[in-house]
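Have a look at the structure below, then the notes.
Just so it is clear, the model here is predicted, and its values are computed rather than measured. Computed over heavy atoms, backbone and side chain alike; hydrogens, waters and symmetry mates excluded. All chains are named by letter (A, B, ...) in the order of the sequence lines, taking the proteins before the strands, and each is independently numbered beginning at 1.
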Amino acid sequence: MITTYLRFPSEEVWEQAAAAVGVRVNDPIFVEEESFDNETGDVIPAVYEDNWSWNYYTHDWAVDVVGVIYNDDAVYSDEGEVITPPTPMDGWHVNYKAATLPSELEAYVVTPNSPHRKFAGE
Amino acid sequence: MTIKQFYPTQGPVLNLNYISNKKLDPRITFTRASTATYVDTGGLIQTAAANEARIDHDPVTGASLGLLLEEERTNLLTQSSALHTWFTSFSPIITANATSAPDGTITATSLVPASGQSNQIFQPNSDNKKSLSVFAKANGYDHIILVAQSAPTTSAGVLFNLTGDGSVVATNYGATGSIQKLANGWYRCIMTRSSTDAATMNTFIIRAADSSTPSGSYWSQSSFLGDGTSGVYIWGAQHEDGSFPTSYIPTSGSTETRAAETATLSNAGIFDIQDYTILNSPFGCAGGGSPLSLIGPYVKNVLVYDQNLTGSQTAALNKVSDDYWRWRVKGSTFALPAFTTDGEVEVDWGDGTVETLTTSEHTFSDGGGYHEIGFKLLSGTYFYPKINDNADHDQKIEAVGPCPDSMSVNLQQAYYGCNNLKTFDPPLNITGTTLYYAFAHCTGLTSFPYVDLGNVNQLTLAWYNNISMAAFPKLDTSNVAGFNYAWYNNTSLTEFPLIDTSSGTDFTGAWYNCSGLTSFPSIDTSAATTFSSTWRGCSGLTSFPFLNTSSVTDMGLAWFGCTTLTSFPLIDTSNVTSVASAWYNNFSLTSFPLINTSNVTNFSNTWYKNTSLTSFPLIDTSAGTRFDFTWRQCTGLTSFPLLDTSSGTNFQETWRDCDFTSFPTLNTSSGTNFIRTWFGCNQLTSFPTLNTSSGTDFEGCWQNCSALTSFPLIDTSSGTNFYQTWRGCGFTSFPSINTSAGTNFGYAWYGNNSLTTFPANFFNSWTGTPVNDCFLNAWLGCNSLTATSVENILNSINTSGQSAPASGVDITIDYNAGSGTPNITTAVTNLKSRGWTITLNGVAQ
């Protein structure tokens, strides 16, 4: 298994990509029966409510959502008080470990010299 | 009776004991995408390679704790062991690699406060999570302080004593502390910030200390000053997101994540999937499901029996002996706000508190994480936990353990909404007669154990929306009458056992949307009366068994959306009165049997979208009154049998979009509603003279029958609505049918671009009250109409003497201008005097 470091423009883009590769799954919850409009003859579809869940870990892949990464530029007092908070880096960061990288994720690959976060032991 | 009598007569087919045999059985598939640490038999912390299972041990006694299965955690500190690299205040003496650490390496850091000075080492950390920990050992001073520094008055902290078994001396700002003794004088000191602590943590501070309770801003213990030689050893700091700490995650230069562990046991070749029991000790019993997920954090033993075990046998094997019904919950609080009993229930909260159960919330004194709690019936006859979708507590229940036979349990709505419930051990004594919503929305259950249902006769919504349930055991359901929606939306089920359904009468929605089922057993449905929506949405079924349906009266929506059924058996439908939508969208059915439908009155939507049917049997439809949408979009049918539709009143869209080339002379004499009945039957080249004398509404009836070049002289004398009735047809001429009661002719012949001849005197006897827009675009696009036909239209309307409606007064006609100029001067003048306007070929007259 190989760890790939991914950077998405936003958390929303990551969620879309995750759904495309099965890391995020929607099992809709039934709300209302399908019905018929006798005036038009059209079928009014059953109503389901989205019910998203995450499959971060399976036998085939491991996903560690790092999220926003901050620069090491905060300023602290001797007491450890924050004088200037750290500034965020661009993007939404995810570590993806699997035998192969799905093509849907290839566009988001980055190669940091010193990753902010790693899977333990790497 | 002795306890031995409860044990099963046959031994387990699989016995995985992680206490005595410390290896992972090769039949377990185990994955972890990172390294992880554990304690070995000597009490030292060791590192397991990626995908290497961990058997953890008590760090003092070396006793095995079982197979360790943990969730994902990240150590948010970038230098967990090299604590000499952290920032310091008050110039403490820091010595790297000063002594042996809990992992046996010489990597522990010495922290010695300077003489007459306070002290602290700290690591800025903006991740602001709840759980902080460090390993510590006395070296002159025998106390340490952990602080999650925030504002001066909102810094959580804990003072620990590093002697004896270790203890928590004091806490600040809602924090809780716990301490775990290790070998060689080391302790793991754990601080958990309060779940209500909203202060932003900026830095993680560690201080050497004495026993005095700290005070002052940032809980800085202003009174304690060092002597320049005494201190503490520290190692292995951890900051993680969770209300309890997990095993140590070493870091060196970056934050590091220990991946979650997944362990599954496939049943292949080991046991019978429909008759087996798995005991996953200390929690976890399953009677179906392949693979079985083992439930952490500690698995001590897995026993698999190739038979269904009773509750008594399960309890005996689990060595239930203390009359407590044990549950595993996760979180810092728990409550059963809606529980009931007819006596008194004692609860052991597992944190030292044992009390009479009330509806009040209990806050665990040992913080968050996993808690094993127990319930005991002190008096009365039953305990009814009734979680019932409680938003505050339903997510906290992870496992329900073996239940003593002294506890009688009512399961109605008991675990409704418990999404994180992964395993449930069967109670021996179930009270009540219903499992109404008992396990509804338990989306984490992948299997279910064999349960003695006792007097239960209703399973209404019992396992509704158990979307992860991969298989189901062969329960004794011989007394169950109501199976309503019992397994509704169990989308992961691929097969279903041959359960005893001989008492079942109501099967409404029982397997509704079990879309993973590919087959279905020949269950006993001899007493069944209702099959409404029973197999609706079972889109994976390719065949269906021959069931006894002789008592069934309602089959409405029964096989709705069974899109992969290719054939259907000749079942007994002699008592059925409704087959409404029964085989709706069964688009893979290529034929349909000659079932007995002699008592069916409602055929609404019955074979809608059965697009692969190429023929249809001569079934008895003599009692049918509703035929709305019945064969709509059966696009494979090119002909239709001479069915008895003499009682039919509603023919709305009955054969819409069918591809008939001819149509039989059915008896439609009782029909009143002919809305879009043959809409889009664009292969019809002729149409019979049906009896439509009772028809009142013909809206769009033959719309888009583009291959029809002529139209019979049918009886439309009762018709009032002719809106779009013949729109888009291919007529060349049109008969003098009786439309005298008509009120709306909007778009009636719109787009009949082959129509040349429109009869004379058509509207002479017109008496219906015209609605607004009653002739809007009626003959628009009729580009072949002759000038004479235009005269016929306008002169006959004029002759009727009808005045225009309040609005929408235009009579719109297109015609072939090459056929001459219509002589309509008088008609136009008169019509205009009665409020009409006339537009010919786009020109107002």
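Note: A/R117 CZ to B/T78 OG1 = 12.0 Å, rounded to the nearest 0.5 Å.
Proximity to chain A is absent for every atom of B/N51, based on heavy atoms less than 4.5 angstrom apart. In this structure, chain B has a heavy atom under 4.5 Å from the backbone of A/V63, while its side chain stays farther away. Proximity to chain A is limited to the side chain of B/T74, based on heavy atoms less than 4.5 angstrom apart. In this structure, the portion of B/F30 lying under 4.5 Å from any heavy atom of chain A is its backbone and not its side chain.
Between the side chain of B/T262 and the backbone N or O of A/T58, no donor-acceptor pair lies under 3.5 Å.
Side-chain contact check for A/N95 versus B/T257: every heavy-atom pair is 4.5 Å or farther apart.
When each of A/Y57, A/Y70, A/F119 is checked for heavy-atom pairs under 4.5 Å with chain B, A/Y57 comes out on top. With chain A as partner, the option from B/A49, B/S254, B/A36, B/P250 having the largest number of non-hydrogen pairs under 4.5 angstrom is B/S254. Highest contact tally toward chain B, considering only A/D60, A/D64, A/V66, is held by A/D64 [criterion: heavy-atom pairs under 4.5 Å].
Atom CZ of A/R7 has 12 or fewer heavy atoms from other residues, nucleotides or ligands within 6.0 Å. By the neighbour-count criterion of 12 heavy atoms within 6.0 Å, atom CG of A/D72 is sparsely surrounded, having that number or fewer from other residues, nucleotides or ligands. Other residues, nucleotides and ligands contribute over 12 non-hydrogen atoms within 6.0 Å of the CG atom of A/D73.
What you find for A/A120 and B/I249 is that their closest heavy atoms are CB-CG2, 4.3 Å.
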Side chains of residues 96-113 of chain A: which donor-acceptor partners sit under 3.5 Å, not counting sequence neighbours?
from  : atom 1 : to     : atom 2 : distance (Å)
A/K97 : NZ     : A/E122 : OE2    : 3.0
A/K97 : NZ     : B/A33  : O      : 2.6

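In this view, A/K118 satisfies the salt bridge (charged side-chain N to carboxylate O under 4.0 Å, His left out) rule with no residue, not counting sequence neighbours.
Defined by atom type and a distance below 3.5 Å, a donor-acceptor pair is missing between the side-chain atoms of A/Y56 and B/E72.
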